[in-house]
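Here the structure is laid out as structure tokens; the discussion comes afterwards.
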Amino acid sequence: MDFSDLALSSKILAAVAEKGYIKPSPIQEQAIPAVLAGKDVMAAAQTGTGKTAGFTLPILELLSRGNKAKANHIRALILTPTRELAAQVGESVATYGKELPLTSAIVFGGVKINPQMMKLRQGVDILIATPGRLMDLYQQNAVKFSQVEILVLDEADRMLDMGFIRDIKKIISALPVQRQNLLFSATFSPDIRELAKGLVKNPIEISVNPENSTAKTVKQTVIPCDKKQKAKLLCHLIKENDWQQVLVFTRTKHGANRLTRDLEAKSINAAAIHGNKSQGARTKALANFKSGAVKVLVATDIAARGLDIDQLPQVVNFDLPNVPEDYVHRIGRTGRAGADGFAVSLVSADEHKLLEDIEYVIQEPIERKITEGFAPVNELPPSRPIKPFKAKKPKKVKHTHNEHKDGQRSSNSATGHKPKSKNTRHQVSGQDKASNKKTGKPVARKVHPDKAKQQGKKDPYSASR
Ligand code: AMP
């Protein structure tokens with residue numbers, strides 16, 4: 001199939017051709033006609049499959065046929081879990097729609113709200129937003145939903161993981177009943193299906209990858225090593241293999257900072273990207289990484305979500321993630337859209353259980369290779385036979401918290417993992433939607449992010465890892 005078979009206007013086809021896309025990816029082949037036909041869609045697709053164009057191209061096409069957005073109104077709403085993904089999707093909308101008379105805007109927290117309000121004043125055809133900031137704008141009457149024709153939930157699984165379920169439900173209840181709904185998620189956990197029940201009507205279900213399967217073009221390797229040797233081993237691998245662009249994942253913000261310092265000390269240009277960094281620092285780190293000025297980008301999981309770096313060849317798991325599904329997301333950063341990629345995990349003996357969980361979720365053993373000179377003193381136990389994958393029972397979606405300390409995870413409703421800390425109650429209030437169990441009433445007042453800053457609180461919209 002060619003893009004020209006997809007009933008898209010010549011202006012959109014020209015923008016696609018300019019991007020250098022030759023053929024639609026499998027998700028695009030299925031999603032574009034379904035969206036153009038006005039259907040609701042539920043698509044299981046990892047990042048790297050071309051899902052963004054899968055929904056943006058037909059949305060641009062549909063909106064270019066209708067009336068413009070009125071003042072403060074929007075016509076299509078794309079919700080994303082992180083600022084980075086919002087920026088990324090916004091960029092795609094602008095690129096693919098550059099020849100069309102449509103307007104778009106991106107709104108997320110951690111930056112001033114006023115310019116976003118100004119932008120919305122004229123009305124915007126496509127709004128890309130993170131849920132917390134959108135709720136703020138809505139409550140301040142800066143955005144009106146009565147003209148919304150299309151809703152997209154992008155990376156819905158991650159939005160649930162990050163505790164956005166209440167905001168999402170509030171937003172959905174404020175939208176017009178008559179609308180088209182598109183739900184994109186890397187995995188279809190029972191929680192996502194539960195969310196979908198109240199959202200999509202007779203959806204076309206699309207799955208381009210079996211659940212939780214890793215991108216086939218990614219070559220995965222585990223390097224058993226001692227924990228203390230990891231930084232040295234990473235420097236060795238970068239130099240030995242002459243890696244030019246490496247995305248490295250650490251479990252904690254603190255770990256990301258420390259590793260960045262270790263790399264810099266060995267004259268390897270590195271930058272860290274995580275929730276404690278200002279939006280400006282994150283944007284700069286990413287731009288430097290993309291341009292090649294920075295060789296190694298050290299990221300925590302949430303911060304890395306949505307990063308789209310063309311043809312990223314190398315991903316390294318410096319620590320294994322606590323949640324096996326994050327492994328799938330992490331290595332989805334490489335081998336994108338058919339390009340080859342390499343994912344290397346440095347695994348110490350204490351992480352063997354996490355490795356087992358990952359192998360169970362991806363349903364395949366990962367090849368182990370010891371690097372000469374780095375054989376571990378504490379050996380990694382041999383891998384055990386992998387049990388067949390069983391879907392978890394549906395669980396009630398709990399409110400989760402996305403601001404937590406280094407190394408602590410919020411309750412992960414999609415995976416059923418419990419937080420390590422009992423103190424998952426609210427340290428910050430920008431997204432504080434805690435409720436009294438008996439009354440269901442909110443117990444903490446929402447604080448504007450700028451106010452929270454003035455009060456010396458952490459940026460409530462920043463991802464924590
Ligand atoms: P996504 O899954 O939407 O994050 O897209 C992953 C990457 O694939 C992005 O860098 C896109 O620019 C690229 N891409 C999207 N569609 C195509 C296509 N049809 N052919 C080649 N690359 C594509």
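If you read the sequence from its start, that first residue is 1, and numbering goes on from there. Computed over heavy atoms, backbone and side chain alike; hydrogens, waters and symmetry mates excluded. Since the model is a prediction, treat every value here as computed from it, not as a measurement. Both ligands and their constituent atoms are indexed starting at 1 by order of listing.
Ligand 1 has no N or O atom lying under 3.5 Å from any N or O atom of Y96, backbone or side chain. For G50, a nitrogen or oxygen atom sits less than 3.5 Å from a nitrogen or oxygen atom of ligand 1, counting backbone and side chain alike.
Looking at R193 and E205, a side-chain N of the basic residue comes within less than 4.0 Å of a carboxylate O on the acidic one, giving a salt bridge. Between R75 and D125 a salt bridge is recorded (basic side-chain N to carboxylate O distance below 4.0 Å). Taking a cutoff of 4.0 Å between a charged side-chain nitrogen and a carboxylate oxygen, D326 and R158 qualify as a salt bridge.
With a 4.0 Å heavy-atom cut-off, ligand 1 is reached by the side chain of F3 but not by its N, CA, C or O.
You'll find the side chain of D157 stays beyond 4.5 Å of the side chain of L160, heavy atoms only. Between I268 and C235 there is a side-chain heavy-atom pair separated by less than 4.5 Å. Residues R179 and I172 have side chains in contact (heavy-atom distance under 4.5 Å, counting atoms from C-beta outward).
The S25 neighbourhood of ligand 1 comprises atoms 19 (N), with distances under 4.0 Å to a heavy atom of that residue. Those atoms of ligand 1 with a heavy atom of K23 less than 4.0 angstrom away are 18 (C), 19 (N), 20 (N). Below 4.0 Å from some heavy atom of K51 lie the following atoms of ligand 1, by number and element: 1 (P), 2 (O), 3 (O). Close contacts between ligand 1 and T52 involve ligand atoms 1 (P), 3 (O), 4 (O) [criterion: under 4.0 Å to a heavy atom].
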